[in-house]
Amino acid sequence: MTTLSYKNQTVQIDAGELVSYQVADQEYIHQKGSPGWRNADTEMFPIIGPTAAANFSVSTPRGEAIQDQHGLLREMVYERIEATETGAIFQKAYTAGTAIKNSKFPEKSTEELLQWPYDFIFKKIFTLSEAGLEVRFIISGVSGMPYMLGYHPAFNLVTDNPTIIANAREISLAAILEVGNRAFQIADCTEIKLRDKNTVTIKTKGFGNFMLWTEVNNMVCIEPITFYPYAVDQKNLSDGFSRLEGDEAEYGMLISISD
């Protein structure tokens with residue numbers, strides 16, 4: 001476990017996963033074992049969304065890639081590169097064509113092994129400061145590599161009627177629940193506020209969009225994304241690819257708390 005601290009803020013990271021963010025002893029991250037989701041956060045890379053209806057295949061300029069829902073990055077293990085009192089860096093490195101075991105096989109998938117036809121290095125960087133908790137992602141690879149990126153943190157809810165404010169619109173938890181597994185889309189947005197006991201403000205760089213998901217009343221996932229995958233048929237998921245310009249791209253999300 002990696003622990004960061006700054007004044008009244010404490011962060012705990014378990015093998016690259018953000019499992020706790022406490023400010024003045026209040027927990028803002030969904031806890032494993034609580035109803036709703038088995039994780040606290042994860043990343044969606046190099047694709048976002050389901051692939052079963054496309055036979056788990058996604059088109060790239062280097063041929064077909066075998067990908068399960070939300071990509072193969074989550075099946076890989078982070079290496080901790082660096083840690084200080086207020087920051088930590090984790091990394092996953094992938095060699096093109098390497099077979100990665102699919103944890104959803106055979107219960108939820110027909111594909112035992114996943115693969116991607118490009119090398120990449122994926123860094124996840126945590127920084128705790130006066131501004132709050134910043135989580136940054138640096139993707140390194142060959143120029144032109146196609147990809148999607150989504151960050152999937154789950155936030156703890158403690159009141160009966162939390163609301164989300166995005167693009168001057170107020171969104172109820174009931175509205176998110178009604179959308180179900182497809183996730184509630186928020187396009188062209190870089191800042192969201194979650195109003196619960198306190199207000200959680202989320203500002204992003206690079207992503208440009210969000211989607212919201214939950215199946216319970218005690219948590220909500222607020223997910224910055226580069227592309228909303230349900231905008232296209234699964235066989236056309238490659239329509240949502242970004243392209244790596246140069247050999248590196250950076251994305252970020254800042255979480256701050258106010259009364």
Side-chain angles (χ1 to χ4, degrees), residues 4-13 16-24 26-30 39-45 48 86-90 122-139 147-159 162-173 175-176 183-214 219-229 240 242 245 248-259:
L4 311 181
S5 62
Y6 181 85
K7 294 186 177 179
N8 67 341
Q9 303 176 80
T10 303
V11 164
Q12 289 191 316
I13 307 159
E17 182 180 10
L18 175 64
V19 296
S20 177
Y21 178 37
Q22 294 188 11
V23 181
Q26 181 174 333
E27 180 62 70
Y28 290 91
I29 299 300
H30 168 68
N39 296 327
D41 86 344
T42 192
E43 290 76 54
M44 299 173 281
F45 181 89
I48 304 171
T86 59
I89 301 173
F90 295 83
F122 189 96
K123 289 184 179 179
K124 186 177 185 181
I125 303 167
F126 297 90
T127 305
L128 197 55
S129 69
E130 194 73 36
L133 173 61
E134 183 180 33
V135 186
R136 292 187 293 132
F137 306 98
I138 298 178
I139 302 165
Y147 67 92
M148 302 172 205
L149 174 62
Y151 181 40
H152 193 306
F155 292 89
N156 186 39
L157 300 175
V158 296
T159 65
T163 58
I164 287 176
I165 310 300
N167 290 342
R169 176 184 179 187
E170 186 170 306
I171 303 161
S172 68
L173 192 64
I176 300 168
F184 192 106
Q185 180 185 16
I186 302 176
D188 302 319
C189 183
T190 60
E191 180 175 337
I192 276 183
K193 292 183 182 293
L194 168 60
R195 291 181 178 168
D196 195 31
K197 180 180 178 180
N198 293 320
T199 297
V200 181
T201 300
I202 296 168
K203 298 180 180 180
T204 65
K205 294 180 181 179
F207 291 97
N209 310 276
F210 285 91
M211 59 185 185
L212 312 174
W213 175 83
T214 190
M219 57 146 271
V220 63
C221 295
I222 301 177
E223 308 167 37
I225 53 175
T226 57
F227 177 70
Y228 181 68
S242 299
E245 297 180 5
E248 188 173 281
E250 182 172 336
Y251 297 81
M253 173 171 166
L254 176 65
I255 308 169
S256 58
I257 310 300
S258 59
D259 296 334

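Predicted, not measured: the structure shown is a model, and the values here were computed from it. Residue numbers run from 1 in the order of the sequence given.
- Just one of K124, E223, H152 meets the side chain to side chain contact (heavy atoms under 4.5 Å, CB included) condition when paired with D41; it is K124.
- Applying the salt bridge (charged side-chain N to carboxylate O under 4.0 Å, His left out) definition to pairs two or more places apart or across chains, those involving residues 249-259 are R136-E250.
- For the atom pair L212 CG and C221 SG, the distance stands at 9.5 Å (nearest 0.5 Å).
- Looking at E248 and I138, their side chains come closer than 4.5 Å, going by heavy atoms from C-beta outward.
- Put simply, NZ on K193 and OG on S256 are 6.5 Å apart, with the number rounded to the nearest 0.5 Å.
- Nearest heavy atom pair, residue M253 against residue P224, reads SD-CG, 3.7 Å.
- The aromatic rings of F207 and Y251 sit tilted relative to each other, their planes meeting at an angle between 30° and 60°.
- One distance of note links CZ of F90 with CZ of F122; it measures 13.0 Å at 0.5 Å rounding.
- Looking at I202 and L194, their side chains never come closer than 4.5 Å, going by heavy atoms from C-beta outward.
- Considering Y151, W213, F155 as possible partners of I222, the one that fulfils the side chain to side chain contact (heavy atoms under 4.5 Å, CB included) test is F155.
- For the pair T204 and F210, the minimum side-chain heavy-atom distance is below 4.5 Å.
- Q12 contributes atom CD, which lies 8.0 Å from atom OG1 of T10 (distance to the nearest 0.5 angstrom).
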Walk me through it: do L133 and L18 pass the test side-chain contact (heavy atoms from CB on, under 4.5 Å)? CA-CA 11 Å; L133 173 61; L18 175 64; 3.9 Å; yes

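- Side chains of T199 and I165 form no contact here, defined as non-hydrogen atoms less than 4.5 Å apart.
- Scanning all heavy atoms of the two residues, the minimum distance from M219 to L173 falls at O-CD1, 4.5 Å.
- N209 and D188 get closest at one heavy-atom pair: OD1-N, 3.0 Å.
- Nearest heavy-atom pair, G240 versus M148, reported as atom, atom and distance to 0.1 Å: O-CG, 3.7 Å.
- Rounding to the nearest 0.5 Å places CD1 of I29 at 12.5 Å from CG of N39.
- Atom CD of E170 and atom OG1 of T163 lie 4.5 Å apart (nearest 0.5 Å).
- Using a 4.5 Å heavy-atom threshold, the side chains of I255 and Y28 count as separate.
- Partners of T159 according to the side chain to side chain contact (heavy atoms under 4.5 Å, CB included) rule, which considers only residues two or more places apart in sequence or in another chain, are P162, D196, K197.
- Judged by distance alone, with hydrogens and angles left aside, the side-chain atoms of N167 form a donor-acceptor pair with the main-chain N or O of A187 at under 3.5 Å.
- Residues satisfying the side chain to side chain contact (heavy atoms under 4.5 Å, CB included) criterion with L254, sequence neighbours excluded, are A131, E134.
- Smallest separation of non-hydrogen atoms from I13 and A88: CD1-CB, 4.3 Å.
- Between A166 and I186 the shortest heavy-atom distance is CB-CD1, 3.8 Å.
- When the options Q9, Q26, E27 are evaluated for a side chain to side chain donor-acceptor pair (under 3.5 Å) with Y21, the one that passes is Q9.
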